[in-house]
Structure formats: structure tokens, C-alpha cells
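Here's the structure, in C-alpha cells; my notes come after.
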Amino acid sequence: MNVLLMYYGTPYDEGELADYYTDIRHGHAPPPALLEELRERYRLIGKSPLNEITFSLARKLEGELNRRLPRFTRGLATAPEPRDPRDDARVYVGAKHNAPYIAGAVRQMAEEGVDRAVAVVAAPHYSLRSIAEYRERVDLALDELGEPFTVRFVQEYYAHPGYVAAVAERVNRALWRIRDPERAVVYFTAHSIPLRSVEADGGVYPDQVEATAQAVAQRLGLPRWRVAWQSAGRTDEDWLGPDINDALREDAAAGLREAVVAAVGFPADHLEVFYDLDFEARQTAAELGVHLVRAESLNDADDYVAVLADLVERAWYEGA
Ligand code: FEC
């Protein structure tokens, strides 16, 4: 069983920042002021733990998949035999914008004789600016190598019952820290994307984020919740809104005093969680007199590992 686990990627140190940002901007180097602004954001959070979290997630996913595989194989007329180690699950990691790049992971898989694999992204909602771009990178790498193996791609898992339950548990725990949960608003956030990308595929992305929010809200019986967007790019075009800071301002004007924010678009802690929510949104909330609690990220927790293992197994056996 072969798995390619993909994620956004983050620089290992400041020296890699310019290349990383250039890659995000599709090969266009950022103007110095934008680069400096991004450098400041990383300095403020200390370090993005995204690489470490994802490597740990991959190790745990590999362990979980191997635990789920039958330990013995048995022919019709033969005694059970221990599983051939060549049939063990192997999880490769590929990042979109930094090493270990997706193309390198695909090359390594080909060199190690992989004949088929499941590819899954550590992001639950499909959009042209996220999942579609991961898929393009895999397809391009396979194409350049002459299609050495086949891939079944997990497109999305925004409504997976295990994912919904895992997020609901974190939101519930955050609500323990709220004095009056009946009056608090729970904000479900995901990375904003340009409106023209939303329109290009008929609004699939905001619909999926809304569906996750709705499922979590229903499970917990939340009286007040809404979707808000975060981390919109510094460009002139229109981005999906409302931004979390604007949503807080709007609700504070109507009397909001306590709120929870759950970044349902991001399973892991990283720059956009630590800076945009823990620093910026919390500062906005403080200025408005709103007590804002962030629901913990799933990171490499066992319940998230189980969701990924389930998705991988389903794709693997469907493709058998
Ligand atoms: O911790 C880290 O260092 C990495 C955090 C990080 C994650 C992430 C995830 C997503 N992004 C998505 C869309 C866009 C679009 C643009 C864009 C730009 C940036 C920049 C940084 C950055 N993103 Fe990101 N994103 C993360 C970090 N992202 C840094 C550049 C500076 C800035 O604009 O703030 C605009 C560029 C473009 O034209 O493409 C669009 C989406 C996700 C969630 C799915 C995923 O994880 O892949 C969607 C993590």
C-alpha cells in the first residue's frame, strides 16, 4: 500500500523565504516590501511547525495503515504466512511550495518500484487554488517520468464523519472556556481565495466549507455560528469574504462579547493559524472587547490519522 501525503510546505529557515514566496507566486519574485512583511509575520510567530507536524502525521498514518493490514496471508490450501514486508504501507511526503517537493516524492516512489498509490492532501476542501494544484503537480511529475505508476486521488473529505467529529470535539473543548456558550458565536474559517477562482468552478469551495461548518454546528447543537474567511492575499482582486476580522467587528457592533474560532480549512498549526488568528484576529477581538478562543488544530492527533487512514484504505481497495 503506497501513499503520497501532500501539504502546503513551509521554509525551514529565513534563508528559504524568498524562494518559497516566489514559488507561491507562480515563479514571480515578490516585491521587497511584501517579502519583508512576510518575514515579519514569520518572526512574530517564531516558526511555523507545519513541516514537523506533517512528518509526524505521515509516520503515524503509516503505522496506522500497517496496523490495519492483515498480518498473515493465507492461500486456499496453505498455512497462514506472515505478510510480505513488500506489502507494508509506505507513506511518502510531498510539499507544494518547499522541500520535500511533490515532484521529488513522486520520483522517489518511481525509483522504489511503486506500481500504484493513493494521493491525499492534508486539506479537506476542494478548490482550484488548492487540491486542483496538488493534483496538477502529481500529474505533471508522473508525465515527466513516463507514467511509472497509477494514482488514485482523494479529492476532498469535508463531510467525512470522522473529520466532522474531530473538529466538533475541538470546538466543544473551546466552548468550555466560554462563560456563556449560548450567546457566543462560533466562527468556522478557511483560507480565502480570489472570487474569480470561486466562480470558475461554480462555488464548490465555499459550499464545502459551509457544509463542514453546518455538520459541526448540527452535531454540537450550536445556537450561533457562521463561516468567515482568513488570510486573503495582498492583491488588488476581490477575495472571498467576510474576513474574520470584519465578521468580528460586525458582530461586536451587535453586542458580541465571546467567540470561538475554528480553522476548519487547516488541519494543522502554521503561519496562517498562529499569525492570522492567534495574533491578528485575537488583537481585533481584544480591541472590540470580545473574548476570542481558538479551537485546537487536529495536527497529528489520532482521530485525524484515523480519518486519513480510512480515506486511503477506501481509495486503495476501490482501485484494486
Ligand atoms: O506555515 C506556513 O509557512 C505555511 C502556511 C500556509 C498554508 C496555506 C494554505 C493555503 N493557501 C491557500 C491559498 C493561497 C492563495 C494565495 C496564498 C498565499 C500564501 C502566502 C503564504 C501562504 N499562502 Fe496559502 N497557505 C500558507 C501560507 N495562499 C505565506 C503568501 C503571502 C500571503 O499572500 O499571505 C495567493 C497566492 C496565489 O496567487 O496563489 C490563493 C489555500 C490553502 C489551504 C489548502 C492547503 O493547505 O493547500 C486555499 C497552510
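Note that these values count all heavy atoms, side chains included, but never hydrogens, waters or copies made by symmetry. Both counts, for ligands and for their atoms, begin at 1 and track the order of listing. Position 1 is the first residue of the sequence, and the numbers go up from there.
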* Asked: To the nearest 0.5 Å, what is the distance between CG (Asp269) and CG (Asp278)?
  -> 7.5 Å
* Counting heavy atoms not belonging to Arg39, are there more than 12 under 6.0 Å from its CZ? -> yes
* Structure fact -> In this structure, atom 30 (C) of ligand 1 is nearest to the protein heavy atom Tyr21 CE2, 3.3 Å
* Would you mind telling me if ligand 1 is within reach of the side chain of Ile24, the backbone, both or neither, using heavy atoms under 4.0 Å? => both
* Asked: Quick check: does Tyr134 get an N/O under 3.5 Å from an N/O on ligand 1?
  -> yes
* **Crowding at CZ, Arg25 (>12 non-hydrogen neighbours, <6.0 Å)** => yes
* Structure fact -> atom 43 (C) of ligand 1 sits nearest the protein heavy atom Phe266 CE2, 3.9 Å
* **Crowding at CZ, Arg107 (>12 non-hydrogen neighbours, <6.0 Å)** => no
* Atom CZ of Arg43 with >12 non-hydrogen neighbours under 6.0 angstrom -> yes
* Asked: Any N/O/S atom of Tyr8 sitting less than 2.8 Å from atom 24 (Fe) of ligand 1, backbone or side chain?
  -> yes
* Asked: Any luck finding a side-chain donor-acceptor pair between His270 and Thr10 under 3.5 Å?
  -> no
* Structure fact -> For atom 4 (C) of ligand 1, the closest protein heavy atom turns out to be Tyr20 OH, 3.2 Å
* Check the side chains of Glu112 and Gln108 for a donor-acceptor pair under 3.5 angstrom, ignoring hydrogens and angles. => yes
* Looking at Leu292, Val186, Asn172, which one forms a side-chain contact (heavy atoms from CB on, under 4.5 Å) with Val260? -> Val186
* Stepwise, does the salt bridge (charged side-chain N to carboxylate O under 4.0 Å, His left out) test hold for Arg224 with Asp251? -> CA-CA 11 Å; Arg224 300 179 72 198; Asp251 292 339; 5.7 Å; no
* Asked: What residue and atom, counting heavy atoms only, is the protein's closest point to atom 2 (C) of ligand 1, and at what distance?
  -> Thr10 OG1, 3.3 Å
* To do: Give the contacting part of Trp239 toward ligand 1: side chain, backbone, both or neither, where contact means a heavy-atom distance below 4.0 Å.
  => side chain
* Can Ala232 be said to touch ligand 1, with heavy atoms closer than 4.0 Å? -> no
* Asked: Is there a nitrogen or oxygen of Leu271 sitting under 3.5 Å from a nitrogen or oxygen of ligand 1?
  -> yes
* Asked: Hey, does Arg41 sit under 4.0 Å from ligand 1 if you only count heavy atoms?
  -> yes
* For atom 39 (O) of ligand 1, what is the nearest protein heavy atom, given as residue, atom name and distance? -> Arg129 NH2, 3.1 Å
* Asked: What protein heavy atom is closest to atom 33 (O) of ligand 1, reported as residue, atom name and distance in Å?
  -> Gly233 CA, 3.8 Å
* Answer side chain, backbone, both or neither: which part of Tyr42 comes under 4.0 Å from ligand 1, heavy atoms only. => side chain
* Identity and distance of the protein heavy atom lying nearest atom 49 (C) of ligand 1 -> His270 NE2, 3.2 Å
* To do: Quick one: look up the protein heavy atom nearest atom 1 (O) of ligand 1 and list residue, atom name and how far away it is.
  => Ser48 OG, 2.6 Å
* **Contact check: Ser127 vs ligand 1, nitrogen or oxygen atoms, below 3.5 angstrom** => no
* Between Tyr20 (side chain) and Gly9 (backbone), is there a donor-acceptor pair under 3.5 Å? -> yes
* Pick whichever of Lys47, His125, His191, Glu133 has a heavy atom sitting closest to atom 13 (C) of ligand 1. => His191
* Asked: Is the shortest heavy-atom distance from the side chain of Gln230 to the side chain of Glu272 under 4.5 Å?
  -> yes
* **Proximity to ligand 1 by part of Leu34, non-hydrogen separation under 4.0 Å** => neither
* With a cut-off of under 6.0 Å to the ring centre and 45° to the axis, is Arg59 in cation-pi contact with Phe55? -> no
* Counting both backbone and side chain atoms, is some N or O of Ser130 under 3.5 Å from an N or O of ligand 1? -> no
* To do: May I ask whether Phe274 places a heavy atom under 4.0 Å from ligand 1?
  => no
